[in-house]
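Residue numbering restarts at 1 for every chain, and letters A, B, ... go by the order of the sequence lines.
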2 protein chains.
Amino acid sequence: MAVSSQAVSSQASSHIETTKLQQLAKQIRRWIVQSTSEADSGHPTSSLSAVELMTDLVFSGTFRYDVENPEHPANDRLIFSKGHASPLFYALWAAAGQVSEQELMSYRTFGSKLEGHPTARFRFTEAATGSLGQGLSVGLGMALAGKYLDHASYRTFVLLGDSEMAEGSQWEAIQLAAHYKLNNLIAILDVNRLGQRGPTMYGYDLEAYQQRIEAFGWKCILVDDGHDHSQIRNAYADACQSTDQPVMIIARTIKGKGVSFLENQEGFHGKPVDKDRVDEALSDIGEIDEPVHGEIAKPKEMQLKPLESDEAEKPQYKIGDEIATRDAYGNALCRLAMTYPELIALDGEVCNSTRSKQFRDDYPDRFFEMFIAEQNMVGAATGLALRGKLPFVSTFAAFLTRSFDQIRMTPYSNANVKFVGSHCGVSIGQDGPSQMGLEDIAMFRTIQDGVVLYPCDAISTEALVEAMAEHPGIAYLRTTRGDTPVIYDIDETFPIGGSKVLRHSDEDQVTLIAAGITLHEALRAHQQLKEHGIAARVIDLYCIKPLDHATVRQAADQTKVIFTIEDHFPEGGIGEAVLTSLSDHATPVNCLAVRKQPLSGSPDKQLDMQGISAAAIVDAVQRFVNHDSGASA
Amino acid sequence: MAVSSQAVSSQASSHIETTKLQQLAKQIRRWIVQSTSEADSGHPTSSLSAVELMTDLVFSGTFRYDVENPEHPANDRLIFSKGHASPLFYALWAAAGQVSEQELMSYRTFGSKLEGHPTARFRFTEAATGSLGQGLSVGLGMALAGKYLDHASYRTFVLLGDSEMAEGSQWEAIQLAAHYKLNNLIAILDVNRLGQRGPTMYGYDLEAYQQRIEAFGWKCILVDDGHDHSQIRNAYADACQSTDQPVMIIARTIKGKGVSFLENQEGFHGKPVDKDRVDEALSDIGEIDEPVHGEIAKPKEMQLKPLESDEAEKPQYKIGDEIATRDAYGNALCRLAMTYPELIALDGEVCNSTRSKQFRDDYPDRFFEMFIAEQNMVGAATGLALRGKLPFVSTFAAFLTRSFDQIRMTPYSNANVKFVGSHCGVSIGQDGPSQMGLEDIAMFRTIQDGVVLYPCDAISTEALVEAMAEHPGIAYLRTTRGDTPVIYDIDETFPIGGSKVLRHSDEDQVTLIAAGITLHEALRAHQQLKEHGIAARVIDLYCIKPLDHATVRQAADQTKVIFTIEDHFPEGGIGEAVLTSLSDHATPVNCLAVRKQPLSGSPDKQLDMQGISAAAIVDAVQRFVNHDSGASA
C-alpha cells in the first residue's frame with residue numbers, strides 16, 4: 001500500500017470565505033432537488049438538512065483528501081451512515097469537480113454508479129451504507145487501522161442520522177470507540193427531528209443525545225444551528241483538538257432546509273419534489289451568481305511502511321492426532337502471521353473458545369478485543385478490510401447470526417473480511433441449542449461470491465485458513481468444538497472449490513457426502529457398511545461454496561444414491577447445496593441433518609438423536625438398499 | 001386467559017429472617033457446585049455470584065408467584081438473561097420445593113428438562129436464554145403487556161450479566177423501556193467483573209454502568225456488596241417504589257463466591273469443580289443445620305378481563321384491482337383486529353412503508369412503535385407472545401436479518417410470534433441492494449417448524465395473514481412493495497402447506513413454480529409460451545414452508561422440467577425448497593433467481609437483469625425445450 005505523494009498545502013482552501021461556502025451550499029441544494037426529482041425517487045429532505053454540515057467539512061479545509069488518489073494512505077475518510085442522504089454525497093463530489101452535472105442527473109437510473117444508497121461502484125464511496133446504524137462501526141474500524149496499525153494522520157468522519165441512533169449497533173460502536181480512545185473518529189449527528197414515519201424518540205432534545213453519548217466517554221459538541229457556517233466551523237476546529245476521545249458533533253438541523261414547503265414537515269421522507277414544483281423549490285433555494293467549484297484540502301504527505309513478510313512453516317500434526325479444528329484455527333493464525341503481515345484478528349470476548357486467543361497472545365498489537373458486540377465487530381472488520389487489513393473475525397457460529405445484516409452488506413463494500421464460527425452444530429453437546437450454530441451455513445451461502453468452508457481435521461483447517469487469507473473476498477470457516485482425528489497427510493492440498501474422495505471403489509453402491517464432524521461418522525459408517533457388503537464412496541465436502549460439481553456429479557453417475565450428512569439444519573445446508581448441484585440429475589439424494597429440536601446432552605447422543613451418527617447413516621443406507629433391491633427384485 | 005385464583009397472603013414469607021436466607025443461600029450454593037460437578041459441565045462461578053441477589057428476590061417476599069399456577073396472570077416474571085447461570089435458576093426452584101434433588105443432579109444430561117441454558121422444556125422458564133443480551137428485551141415485552149395491555153400488577157425481573165452489557169440489544173431495550181416508562185421492569189445487574197476470557201470492559205466500576213443507564217432515563221440503585229442481604233433487601237424495596245421509571249439494581253459481586261479457590265479468579269468461567277475438589281468446595285460453603293425450604297409469596301388476586309371477539313368481514317378486492325400485498329397486510333390487520341383481540345402490532349419505525357400504520361391509526365392502544373431497533377423489537381415480541389399476545393412484527397425484510405439471533409431463539413421459548421418483511425427482492429427498484437430482502441426466505445426456512453408465506457396478491461395476503469393468526473407457531477410473511485393485480489376470487493382458500501395450480505393442461509411440457517412478484521411474470525410467460533406452442537403449468541407456491549409436496553411432485557411426474565422463479569438469492573430459497581421436495585425425483589429443476597449483484601434501477605429492469613422476468617422465463621424455457629427436442633431427436 002506504499003503510495004507516492006507530492007508535498008501539498010491547504011492554505012488556499014482553509015480560508016475559504018463564508019460567502020463562497022454559501023454559494024456551494026446553494027449549488028448543492030439545487031442539485032439535490034434536481035437529481036431526486038429527475039429520478040422521481042430518493043431522499044431530498046434528509047439530504048438538505050446536512051448540506052451546511054457537509055459543505056463546511058469538505059470545503060473549508062477540515063477534510064483532507066487527494067481527489068486524484070482515493071487510495072492515498074493519509075486521505076481522511078467520509079462515511080454517510082445515513083446512506084439515504086446519497087444525493088448530498090454525490091453533490092459534494094460534483095461540487096469538487098469529480099462528478100459531472102450530467103452524471104448527477106443519472107442518479108438511481110439503471111447502470112449509474114450513483115445508486116440509491118452509496119455502494120463501492122462509486123469510487124469515492126468509503127463503505128456501502130443504507131442499512132442504518134452500520135456506518136459508525138465501519139468508521140471505527142478505519143479509525144482503529146489509522147491509529148493502531150498504520151499510525152496514519154487521517155481522520156474518519158461519519159455522518160449519522162438521528163433516527164438510526166436507536167440501533168443498538170450504534171451504542172456498541174460508541175462504547176468501543178471510547179474504549180480504544182479513537183480521537184481520530186469524528187461523528188456528525190444530523191438532528192433533523194424527523195424519522196421516516198414521524199418524530200424521532202428525542203426530537204430536538206440535543207441534550208438527550210449529549211448525556212447518553214458523553215456517559216459513554218465521548219467528547220460532545222453541540223451546534224444549535226446546523227446551518228450556521230461559523231458555528232459549524234468552530235465545532236470542527238474544536239473536534240480536531242481531541243487527544244484521546246472520539247468526538248460527536250450534535251447539530252440541530254431542519255429537514256428539507258432551503259425549500260419552504262418541505263422544511264420541518266412530516267410526510268416528506270423519501271419523497272422527491274414533484275416535477276411541477278421544482279422551479280418553486282429552486283427559486284426558494286435561490287440562484288447562483290456563477291458556477292462555483294469547491295476545493296478539497298490535500299492530505300499530509302505520508303508513505304506506509306511496507307510490511308515485511310516471511311514464508312510460513314508447515315503445520316505439525318501427525319495422522320491420528322486428536323485435535324479440535326478450532327485449535328488448528330488458532331495455530332494457523334499464528335503460523336501465517338508473518339506470511340500475511342496485514343492479517344489481524346477480532347473476537348467477541350470468546351477468544352479462549354474460538355482459539356483466536358493464541359494469536360492474541362503472540363501478536364497482541366494485531367488483535368482487537370471487540371467484547372460481546374458482534375454487530376460492531378463485523379462493521380469494524382469491514383472498515384479494517386477497506387483500509388487494506390486482512391481481518392479474521394471469530395465468535396461462536398451461533399452468534400454470527402447477530403450480525404447477519406452487517407455480513408450481508410460487506411459485498412456491497414467489496415470488503416475482504418474472513419469469518420470464523422466455532423462451536424457449530426449439535427455436537428457441542430451439553431450447552432444446548434442456544435449455543436449451537438445450526439443456521440450458519442445457510443446464512444453464509446446467501447452471500448454472493450462468498451466462500452463457505454467446513455474442515456474435518458487440523459491439516460485441512462490449517463490449509464483452508466491459508467486459502468482464506470489468499471482468497472480476495474468474503475469467506476467463512478466453520479470449526480468444531482471437540483477433538484477430531486487428523487486424517488490428512490501434511491502435503492495434502494485443499495483448493496477452494498474442491499473436495500476429497502476418501503473412499504471409493506468400482507463397486508460403490510452409495511455415496512456419503514459429509515464435512516466436519518459428520519465426515520468422521522461417514523468414515524465409520526463406510527467401514528460398517530463394508531462389513532455388511534455394501535460399498536460406499538465417501539466425499540469430504542470441505543468446501544461447501546463454491547461446490548465441487550464435477551466430483552459430486554461423478555458420484556451421482558457412478559452410484560445409486562447419495563446421502564448427505566450434516567450437523568446443521570436441512571434448510572440451506574450441505575444437502576440443499578448438493579441438490580442444487582444435481583438439479584438436472586436423476587440420482588436420489590437423501591439429506592441427513594438436524595431435524596429434531598436439539599437438547600442438552602453428550603455429543604454422541606446428540607448425533608444419534610438427530611440421525612447423523614455412523615449408526616444412523618448405516619441404518620439409513622441399509623433401509624435404502626433393502627428397499628431398492630426389493631423394488632428392483 | 002381468564003384464571004381462577006384464590007385470595008392469598010404473603011405476610012409469612014415477607015418477614016423471613018436473614019439467618020434463613022443465609023441457610024437457603026448455602027443450600028443453593030451446594031446444589032450449584034454439586035449439579036455442575038455431576039454434569040462435569042456448566043457455569044458454577046457465574047451462578048455463585050448471584051446467589052444472594054436471587055435468593056433474596058425470590059424468598060423474601062419481593063417476588064410473587066403461585067407455584068401451583070405458573071399461568072397466573074399476576075405472577076411476577078423472572079428471566080435469567082445470563083442463561084448460563086442456569087444452575088442457580090434450577091436450584092432456586094429446588095429450594096422452593098419444585099425440583100427434586102435427584103432431578104437437579106440430572107442437570108445437562110440427555111432428556112433432562114434442566115438444560116444447559118433454560119428452555120421452555122422446564123416449566124418455570126419464562127423465556128429461553130443463552131444467547132446473551134436478549135433477556136432484557138423479552139422482559140420489556142412482558143412489562144409492556146403487563147402495563148399497557150393486561151393492566152396487571154406483576155413485575156418482570158431480569159438478571160443480567162455484566163459482560164452482556166456490551167451487546168447493543170441491551171441499549172435498545174434500555175432506551176425503549178425508559179421511553180415507555182416501564183416501572184414494572186426491574187433488572188438486576190450482576191457485576192462480577194469477569195467475563196468468559198477475562199475482565200469486562202468496566203470491571204468493578206459500578207458508576208460507569210450507572211452513568212450510562214441513568215443517562216437513558218432509568219432509576220439506578222447501587223449495591224456495593226451483592227452478597228449482603230440487608231443491602232439487597234433495601235434495594236428491592238426501593239426498586240418497587242418506582243412510579244414511572246424502569247429500575248436497574250447494579251450490584252458488585254464476586255464470581256465464584258463461597259468457594260475460596262474460585263472466588264474472583266480468572267480461568268474458571270464455564271468450568272465445574274473437579275470431582276476430587278468437590279468436598280473442599282462444599283466445606284468452604286459450609287454445612288446446613290437442617291433441610292431448608294423457601295416459600296414464595298403468592299401474587300395478588302386478579303382475573304384477566306376476557307376479551308370480546310367478533311367475526312371478521314371479508315376483504316373487499318375485485319379481480320384485476322392493482323394493490324400492493326403490503327397494503328393488503330395493513331388492511332388485514334385492521335380487518336382481523338376484532339376477531340383476534342389479542343392481536344397487536346410492532347414496527348421498527350417504518351410502519352408507513354410496511355403498512356402496519358393502518359393498524360396503528362385504527363388501534364393505537366394495540367400498536368407499539370419500536371423505533372429502528374430490530375433486535376429489541378423481536379425480543380419484545382417474544383415477551384409479549386409469552387404473555388398471551390399475538391404480536392405481528394414488521395419491518396423491511398432486509399432489516400429482519402438484524403434480529404436473526406433473536407428470531408432463531410424464539411422456538412426454544414415456544415413463542416408464537418408472527419414476522420412480516422416488506423420490500424422483498426430486487427423488485428423494490430431504485431433504493432438498491434441495501435434495502436432489498438434477498439436472504440429472508442433462507443433465514444426463516446431455517447426456523448424449525450416455522451411457516452414461510454409469500455403471497456402474490458391482496459386476496460391471498462389477507463387469507464394468509466388470517467392463517468398466520470390462527471396458526472399456533474412462528475410464521476413469516478413476505479410482502480412486495482409495488483402494486484400487483486388481484487388474481488384470486490374472494491372465496492378462494494389458502495391453507496398453510498398448500499399451493500395453487502393456476503394454469504394446467506394435459507399437454508403441459510414444463511412447470512413454472514413461482515410466488516409473489518414472480519408469479520405474475522410466470523403467468524405472462526405462460527401466455528407467451530402458449531403462443532409459441534409450449535404448454536406450461538403454473539403453480540403459485542404461496543406457502544414455501546411447509547411445502548405442498550403432492551402438487552410439486554405431481555407436476556414433476558406430469559411435465560418434463562420444472563422452473564422455479566424467485567426474487568431472492570438462490571441459496572436457501574424457493575428453488576432449493578423445491579429441489580428438497582424432489583430429492584428422489586428424476587425431473588430436472590432449473591432455478592431462476594437473483595444471481596447478479598443488484599443495482600439501483602426500475603423494477604422491470606431489475607427483474608430482466610436477474611433473469612426472472614416473463615421474457616427471461618420464456619427464453620429459458622425455449623432454450624430447454626429446443627435443446628431437449630434436439631437431444632431426443
Toward chain B, the part of A:Thr129 with a non-hydrogen atom under 4.5 Å: backbone
Residue among B:Glu349, B:Gln606, B:Gln430 with most heavy-atom pairs under 4.5 Å to chain A: B:Glu349
Chain B contact via A:Met377 - side chain, backbone, both or neither, heavy atoms under 4.5 Å: neither
Segment of A:Phe110 engaging chain B (4.5 angstrom heavy-atom cut-off): both
Choice from B:Ala442, B:Gly348, B:Gly432, B:Ser163 maximising heavy atom contacts with chain A below 4.5 Å: B:Ser163
Contact winner vs chain B - A:Lys357, A:His269, A:Glu374, heavy-atom pairs under 4.5 Å: A:Glu374
Chain B contact via A:Gln448 - which portion, at a heavy-atom distance below 4.5 Å: side chain
Side chain / backbone / both / neither for A:His179 at chain B, heavy atoms under 4.5 Å: side chain
Smallest separation among heavy atoms of B:Pro199 and A:Phe371, with atom names: O-CE2, 4.3 Å
Greater than 12 external heavy atoms within 6.0 Å of A:Asp361's CG: yes
Worked verdict on B:His43 versus A:Asp431 for side-chain contact (heavy atoms from CB on, under 4.5 Å): CA-CA 10 Å; B:His43 301 76; A:Asp431 275 326; 3.9 Å; yes
Interface moiety of A:Lys596 toward chain B, non-hydrogen atoms closer than 4.5 Å: backbone
Contacting moiety of A:Thr200, where chain B heavy atoms sit under 4.5 Å: backbone
Heavy-atom pairs under 4.5 Å with chain A, option from B:Gln435, B:Arg408, B:Glu164 with the top count: B:Arg408
Which portion of A:Arg121 sits near chain B, non-hydrogen atoms under 4.5 angstrom: side chain
Ring geometry between A:Trp171 and A:Phe216 (parallel below 30°, tilted from 30 to 60°, perpendicular above 60°): tilted
Toward chain B, the part of A:Ser403 with a non-hydrogen atom under 4.5 Å: neither
Option in B:Lys605, B:Met409, B:Gln211 with maximal non-hydrogen atom pairs under 4.5 Å from chain A: B:Lys605
Interface residue of largest heavy-atom contact number with chain B, from A:His585, A:Glu439, A:Gln406, under 4.5 Å: A:Glu439
Heavy-atom proximity to chain B below 4.5 Å, by part of A:Met201: both
Which atoms of A:Gln375 approach chain B - backbone, side chain, both or neither, heavy atom under 4.5 Å: side chain
Largest heavy-atom contact set with chain B, pairs under 4.5 Å, which of A:Gly116, A:Ala166, A:Pro433: A:Ala166
Structural part of A:Ala398 lying under 4.5 Å from a heavy atom of chain B: both
When B:Gly130, B:Ala586, B:Gly601, B:Ser353 are compared by non-hydrogen pairs under 4.5 Å with chain A, the top option: B:Gly130
Which atoms of A:Met165 approach chain B - backbone, side chain, both or neither, heavy atom under 4.5 Å: backbone
Part of A:Glu369 lying under 4.5 Å from any heavy atom of chain B: side chain
Pairwise distance CG(A:Asn590) to CZ(A:Phe563) - rounded to 0.5 angstrom: 4.0 Å
A:Tyr202 six-ring centre to A:Arg212 NZ/CZ under 6.0 Å and within 45° of normal: yes
Contact winner vs chain A - B:Val350, B:Ile562, B:Asp584, heavy-atom pairs under 4.5 Å: B:Val350
